[in-house]
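Atom set for the values below is all heavy atoms of this structure, side chains included, hydrogens, waters and symmetry mates excluded. Labels below follow one simple rule: chain letters A, B, ... track the order of the sequence lines, proteins then strands, and each chain is numbered from 1.
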Protein chains: 2
Amino acid sequence: MSRPQIVSAGEGRAAPEKDVESGNSSRDRILAAAAWLFAERGLAAVGLRAITAEAGVNLAAVNYHFGSKEGLLEALFERQAKPIAEARLRLLGECREEPGRPPLLEQLLEAFLLPAFTLGVEPALGGAAFVRLRARLAAETEEMARRILVRAFDDSSLRFLDAMAEVLPELPRAEVEWRFHFLLGTMVYTMANNGRIQALTKGSCDPGDLEQALRKLIPFLAAGFRSAPAPDA
Amino acid sequence: MSRPQIVSAGEGRAAPEKDVESGNSSRDRILAAAAWLFAERGLAAVGLRAITAEAGVNLAAVNYHFGSKEGLLEALFERQAKPIAEARLRLLGECREEPGRPPLLEQLLEAFLLPAFTLGVEPALGGAAFVRLRARLAAETEEMARRILVRAFDDSSLRFLDAMAEVLPELPRAEVEWRFHFLLGTMVYTMANNGRIQALTKGSCDPGDLEQALRKLIPFLAAGFRSAPAPDA
DNA sequence: GTCTATACAGTGATAGAC
DNA sequence: GTCTATCACTGTATAGAC
């Protein structure tokens with residue numbers, strides 16, 4: 001694996017300072033170093049000292065800019081989650097009933113899942129580690145993790161929830177919500193790729209192959225969403 | 001549960017009386033204290049010093065008996081997972097096609113999910129914290145977590161995988177495996193109860209209500225399992 | 001405002017005496 | 001087997017330099 005270029009050398013741009021995207025302020029260098037190291041070595045195995053050394057800044061810079069290690073994590077996550085949420089909404093806007101295209105429900109499922117599966121593994125955004133980071137946060141009960149996920153994804157998720165309720169008018173809203181919850185479960189668990197199913201099936205089923213996972217997941221979920229509502233109580 | 005009555009005669013020590021279930025050896029006291037504290041305060045917030053103080057043993061005792069904090073976690077998890085795996089297999093043995101009972105697939109799903117949802121929250125086994133611990137381990141990519149889960153659940157899971165393949169003979173084995181993977185995702189994510197869906201739906205959908213979750217989950221999964229297989233490539 | 005050097009209280013782990 | 005003392009290391013906080 002090649003190291004990401006942290007400092008972008010002078011390209012033609014005439015505004016060298018404060019490039020928001022890939023700036024070389026110490027704040028941005030910390031973010032880049034953290035993304036790189038988390039991707040390379042995992043999450044818990046990377047301490048603040050490793051990050052600050054990689055970024056070429058002082059240890060205290062992390063606390064100055066982000067308040068805490070958790071704050072750094074939050075900033076990093078938010079930055080990486082943004083393109084996913086945006087892509088989701090863009091794809092949602094392109095969903096329409098049309099001959100030759102899959103049913104609307106399948107379109108919605110793909111629009112929701114595809115950005116998470118593809119953008120999630122882009123090296124520029126921290127690579128596969130980010131996907132696992134998401135999965136880990138999803139398993140967290142603490143307030144911080146919840147807040148991070150909510151801020152990053154709730155508005156786009158809510159839009160999808162509404163769209164799905166619209167596509168399934170015969171289903172009570174609460175039922176759609178439960179099923180959306182189950183959808184999140186399959187997505188997050190697949191992204192976590194904890195190796196359980198590989199061990200169980202001796203490798204014949206590999207959730208690390210996200211393209212195939214998507215192809216298997218969408219029909220499975222679509223059938224679940226379309227099933228008759230469960231008795232309520 | 002009865003333990004063997006055989007006591008070696010003429011031993012120097014008088015009646016060692018190691019009760020395996022709720023013994024007061026230092027090893028068992030550590031396990032009990034850890035289960036209690038993890039349930040009470042969460043996982044990361046509890047240090048070895050708190051555990052050893054609660055158990056009334058020395059700090060080094062943990063490393064002596066379990067090798068490391070991870071080793072303690074593993075022992076604890078294994079002890080708590082065992083009744084779940086056993087209950088699953090027992091319920092699996094009671095599944096049969098019979099008039100007046102749900103279809104076999106639904107029976108299998110319930111036999112698999114019910115022990116995880118009910119035994120998982122029993123206070124005697126560490127309470128709700130154990131459920132979250134499971135969810136957290138499932139999101140872990142590290143070798144240790146994988147090994148723990150495999151040792152605890154793989155044999156019973158494999159039996160269910162086989163049973164489901166048998167109930168769905170028209171489905172390729174790989175397809176059943178993928179769907180079993182999705183089943184695990186919905187289960188773990190529901191058990192994690194990270195608060196996401198509550199926030200999204202303003203509380204109208206609460207996965208903390210595991211009984212209702214089960215009633216919503218089984219039809220959803222059954223429909224997914226029964227859907228036509230996806231194209232393979 | 002930004003950044004640095006340094007100190008601090010906490011962790012899990014371990015060697016060796018008893 | 002058990003305990004004391006200590007180790008290396010963590011995230012955090014602060015005082016002060018530019």
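- Not counting sequence neighbours, the partners of A:Leu89 by the side-chain contact (heavy atoms from CB on, under 4.5 Å) test are A:Leu92, A:Ser156, A:Arg159.
- Within the structure, a side-chain polar atom (N or O) of B:His65 is placed less than 4.0 Å from OP1 or OP2 of D:dT2.
- Residues passing the side-chain hydrogen bond (donor to acceptor under 3.5 Å, both in side chains) test with A:His65 are A:Ser26, sequence neighbours excluded.
- For B:Glu74, the salt bridge (charged side-chain N to carboxylate O under 4.0 Å, His left out) partners at least two apart in sequence or on another chain are B:Arg147, B:Arg151.
- Shown here are the ring-ring contact (aromatic ring centres under 6.0 Å, His included) partners of B:Phe153, two or more places apart in sequence or in another chain: there are none.
- Contact between the side-chain N/O atoms of A:Tyr64 and the OP1/OP2 oxygens of C:dT2 is found at a separation under 4.0 Å.
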For nucleotides 11-18 of chain D, 5' to 3', base contacts (B), sugar-phosphate-only contacts (S) and non-contacts (-) with protein non-hydrogen atoms under 4.0 Å give BBBB----

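- For A:Leu161, the side-chain contact (heavy atoms from CB on, under 4.5 Å) partners two or more places apart in sequence, or in a different chain, are A:Leu158, A:Arg173, A:Val176, A:Glu177, A:Phe180, B:Leu200, B:Thr201.
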